[in-house]
Structure formats: structure tokens, C-alpha cells
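What follows is a short report on a single structure.
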Amino acid sequence: MISVNEPRLDGRELEYVTECLQTGWISSAGRFIGEFEESWAAYCGRRYGVAVCNGTVALQLAVAALNLGPGDEVIMPSFTIISCAMAIVYQGAVPVLVDGDPATWCMDVSQVEAQITPRTRAIMPVHIYGHPVEMDPLLELAEKHGLAIIEDAAEAHGAEYLSRRGPQPEWRRCGSFGDLSCFSFYANKLVTSGEGGMVVTNDEALVKRLRLLRNLAFIPSQRFLHEELGFNFRLTNVQAAIGLAQVERIGETVERKRRIGARYLEALASVPGIRMQAERPWARSVWWMNGLVLESESGHTAVSLAQRLAALGVETRPFFLGMDRQPALRARGLFDGEAYPVTEELADMGLYLPSGVGLTEEQQETVIAAVKQVLV
Ligand SMILES: Cc1ncc(COP(=O)(O)O)c(C=O)c1O
């Protein structure tokens, strides 16, 4: 079976992890944490990084550090992972949804302004499957209405967006936009630490709050006196060691992923009955996952295509299910009577193909041939 993703761990990962074991620095202190934070923040064009134990809590920590709570609304996409909604709900705030864009599958930024109310405090754009959200209109709205931007770049390490807000158009990396940006370093991401996450920011006051809340809100002046409730969201030095080795070859990883994405597009874009994620002229996607959306004339659903591909030795994964269709959120009285048709179509008709950085050219050709065998 050609798997959807396999990590590549053949850089300095073993050397760095061995150093942790030999020196005894296996917990949440040690040199790799700071080096991982600094190197990843610098790559994203940020001053500070705060490493945490996964991408889900990176989002929750970001929401908490901005002091969002009961009564506050955060605008987010309906087509994403539940981590985004959880981060908002856990802090007592309210997620407000906008549908996906049919071409990029990211949040439809033209729908955001209509969702702004006097209670809106933040927007949480999510770069879906490695393709950037159109950031300029969101940054303008945030400025106009005094909103924070919590960028979820968990799937978009190294992706770039052409911003036209400065004097010159400028390609900027995902992770550099807004007040804070969050990453996941789960094993299927472009940079992995096994489990892991990070919040990056330029804001000195925010970084202090992020660090405080990450570590049980211990205050420096008196150990074991807590003025507020924090979290234990710490990352270990062993995980940071793996993460640092991964950051060292991010350039090569991004190049490889862009080649895989370009090959899938070239080979499959003309296959009848499917639609692929469109790379906009203002975007350089990293094709975290290469997805297909089936049109009804294909004669397939995502489930039936996945079964046929599995029989040909190709593993796939279904797309996200919309937030409005999550019983855990509906049970809280959220999204009653709301409809998100683009998200619904993506969820029912979408799946993604093997996309890992370790995918060989031969494996990719096998996947392409299998898709064509079923659909053409
Ligand atoms: C867009 C997005 N945000 C957040 C997360 C959460 O990251 P983690 O799995 O590290 O908790 C993921 C996970 O894949 C994700 O895809």
C-alpha cells in the first residue's frame, strides 16, 4: 500500500535525540527547545516562537493569550479540523463560521465582513492543505474593525502569499500574518517533531503571556503562587530535537512538495469528473495534501473511489467534515439552521492522495495510473 504520508527522519534527528538521552535533558528544558523556537520563528519572519505539545493546544493557547472568553466571537472557516473550533469553545468564546471558497477550499474571505458583529474579536484563517488564504482582505478587515488575527498555518509550513499591502508586492510566508500564528508538527506535517506545535508572534507582551500560560502560569516572583489558571502545554527537548533537525532542511522539503503537487496537477487536472485545488496567482502552495473533489458525473463518491484505490494499493483519506455537521458542537447549540454548501460538497466528494515528502516518483506514477484506471 502506498501510504498517504510517511515522515522523513534521515537528517540530524538521530544525532540530536541521542544527545538528549546522553545528557539527560529529556523533559521541557534543554537547548533544543530554544533553538527550535528561534529557528522556526526566524524562518516564518517572526521574532518569537513558543513551542507547545501539539497544534490543537497552540490554537487554544493563542485564544487564551488574547484573553478571548465568554461572549466573544471568532470568525473561522466551516471547512477545517475541529481543533480550530475547540480552541475557541474551550475558552468559552463562540465560533462563527464562513463557508469555503470553491477553488482554494480555504475560507471564502468575501463572506467574512457580513459575519462581523459588535461581539467579534478575532478572525482565524486556516490555510487548507497547504494553500494560503487570501490574507490582504482579512488584514484590512481586522484593521478596520479592530480584530485580532489568529493564523492557523498548521498545514502550510513554507507556503507563501503575495501581499500587496506594502509599497511593493511581497511574497510572505504563512506564519507571518496577524497577531499570532499557530503550527502543528504532527508526523504528517512538512516539519514534524512527532507531536508538537508552536505559536509564533512579533509581539513581546503576547509572547510573555504565551510562555506564562504554557507553563501553569507560574510567576517568577513567587514559586507556586498562581494568579490565573494556565495550562501544561510544554514540549519536550526530545521532540524539539527532532523538530530542529527537520527545520534544517525545510527548503528541500518545500521544493520536493511543490514538485509532487505540480506533477499531480499536470497528470490529473484533465481527468474528467474531478476538480483539484487551484493555486491562485497570489499563492505558492506547499501541497501539504493533494486532494480531489469528485463531480457527480464521475459516477463516484469519495467513499467508492477510496475503496477502488485501496484495492489498487493506494491509500487515501477523506476530507474534513464541516463544523456545522459536528454533533459535539451542535450539542452546544451552535450552527443551528446554518448551511455551508461548499463545505458540504468538499466533505462528501473529496479525498486526498499519497502526498508525503518521502513519496518517490515511481510511487507517484503508480498513484496517478490508479486514479486514471478508475476514473477515465
Ligand atoms: C488546520 C489544522 N489546525 C490544527 C491542527 C491540529 O494540530 P495537531 O494535530 O498537532 O493537534 C491540524 C492538524 O492536523 C490542522 O490540520
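Residue numbers run from 1 in the order of the sequence given.
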When you look at [atom1] of [X], are more than 12 heavy atoms from neighbouring residues, nucleotides or ligands closer to it than 6.0 Å?
X      : atom1 : answer
Gln115 : CD    : yes
Leu139 : CG    : yes
Glu266 : CD    : yes
Tyr186 : OH    : no
Leu225 : CG    : yes
Arg332 : CZ    : no
Glu362 : CD    : no
Phe231 : CZ    : yes

So, for Phe319 and Trp105, is the gap between ring centers shorter than 6.0 Å? yes
Taking the ring centre of each residue, are Trp40 and His157 less than 6.0 Å apart? yes
Is it true that [Y] and [X] share a donor-acceptor pair across their side chains at a distance under 3.5 Å?
X      : Y      : value
Asp203 : Thr201 : no
Thr18  : Glu15  : no
Thr366 : Gln363 : no
Arg31  : Asn237 : no
Glu338 : Tyr340 : yes
Asn67  : Arg209 : yes
Gln277 : Tyr352 : no
Gln60  : Gln91  : yes
Asp99  : Thr343 : yes
Thr117 : Glu73  : yes
Arg46  : Ser176 : no

Chi angles and distances behind the side-chain contact (heavy atoms from CB on, under 4.5 Å) call for Met76, Ile88: CA-CA 10 Å; Met76 58 167 280; Ile88 298 164; 3.7 Å; yes
Test the Arg284-Trp171 pair against the cation-pi criterion, namely NZ or CZ under 6.0 angstrom from the six-membered ring centroid and within 45° of the ring axis. yes
Mind telling me whether Trp282 and Tyr161 have parallel, tilted or perpendicular rings, with 30° and 60° as the class edges? perpendicular
Can you find a pair of side-chain heavy atoms, one from [X] and one from [Y], that are under 4.5 Å apart?
X      : Y      : answer
Val133 : Glu151 : no
Gln373 : Leu312 : yes
Leu210 : Leu180 : yes
Leu229 : Leu213 : no
Ile75  : Leu97  : no
Val191 : Thr253 : no

Indicate yes or no: does [X] engage [Y] in a salt bridge with an N to O separation below 4.0 Å.
X      : Y      : value
Lys144 : Glu113 : yes
Asp336 : Arg330 : yes
Arg249 : Glu13  : yes
Arg165 : Glu140 : yes
Glu365 : Arg263 : yes

Evaluate the ring-ring contact (aromatic ring centres under 6.0 Å, His included) criterion for residues Phe218 and Phe224: first the C-alpha distance (whole Å), next the side-chain angles of each, then the deciding distance (0.1 Å), finally the verdict. CA-CA 6 Å; Phe218 278 114; Phe224 299 119; 5.6 Å; yes
Pair Leu235-Arg214, side-chain contact (heavy atoms from CB on, under 4.5 Å): steps then yes or no: CA-CA 9 Å; Leu235 188 76; Arg214 167 180 66 176; over 6 Å; no
For the pair Trp287 and His127, evaluate ring-ring contact (aromatic ring centres under 6.0 Å, His included) and give the outcome as yes or no after the intermediate values. CA-CA 11 Å; Trp287 308 107; His127 309 299; over 10 Å; no
Can Leu147 and Leu141 be said to form a side-chain contact (heavy atoms from CB on, under 4.5 Å), step by step? CA-CA 8 Å; Leu147 309 175; Leu141 278 181; 5.5 Å; no
Test log, rule ring-ring contact (aromatic ring centres under 6.0 Å, His included), inputs Phe36 and Tyr16: CA-CA 12 Å; Phe36 182 36; Tyr16 289 169; over 10 Å; no
Roughly how far, to the nearest 0.5 Å, is CZ of Arg211 from CZ of Arg234? 15.0 Å
Would you give the length of the straight line joining atom OG of Ser355 to atom CG of Leu190, rounded to the nearest 0.5 angstrom? 10.5 Å
Between Arg173 and Gly158, what is the shortest heavy-atom contact and its length? CD-CA, 4.3 Å
Quick one: does any side-chain atom of Asp136 pair with a main-chain N or O of Arg164 as donor and acceptor, under 3.5 Å? yes
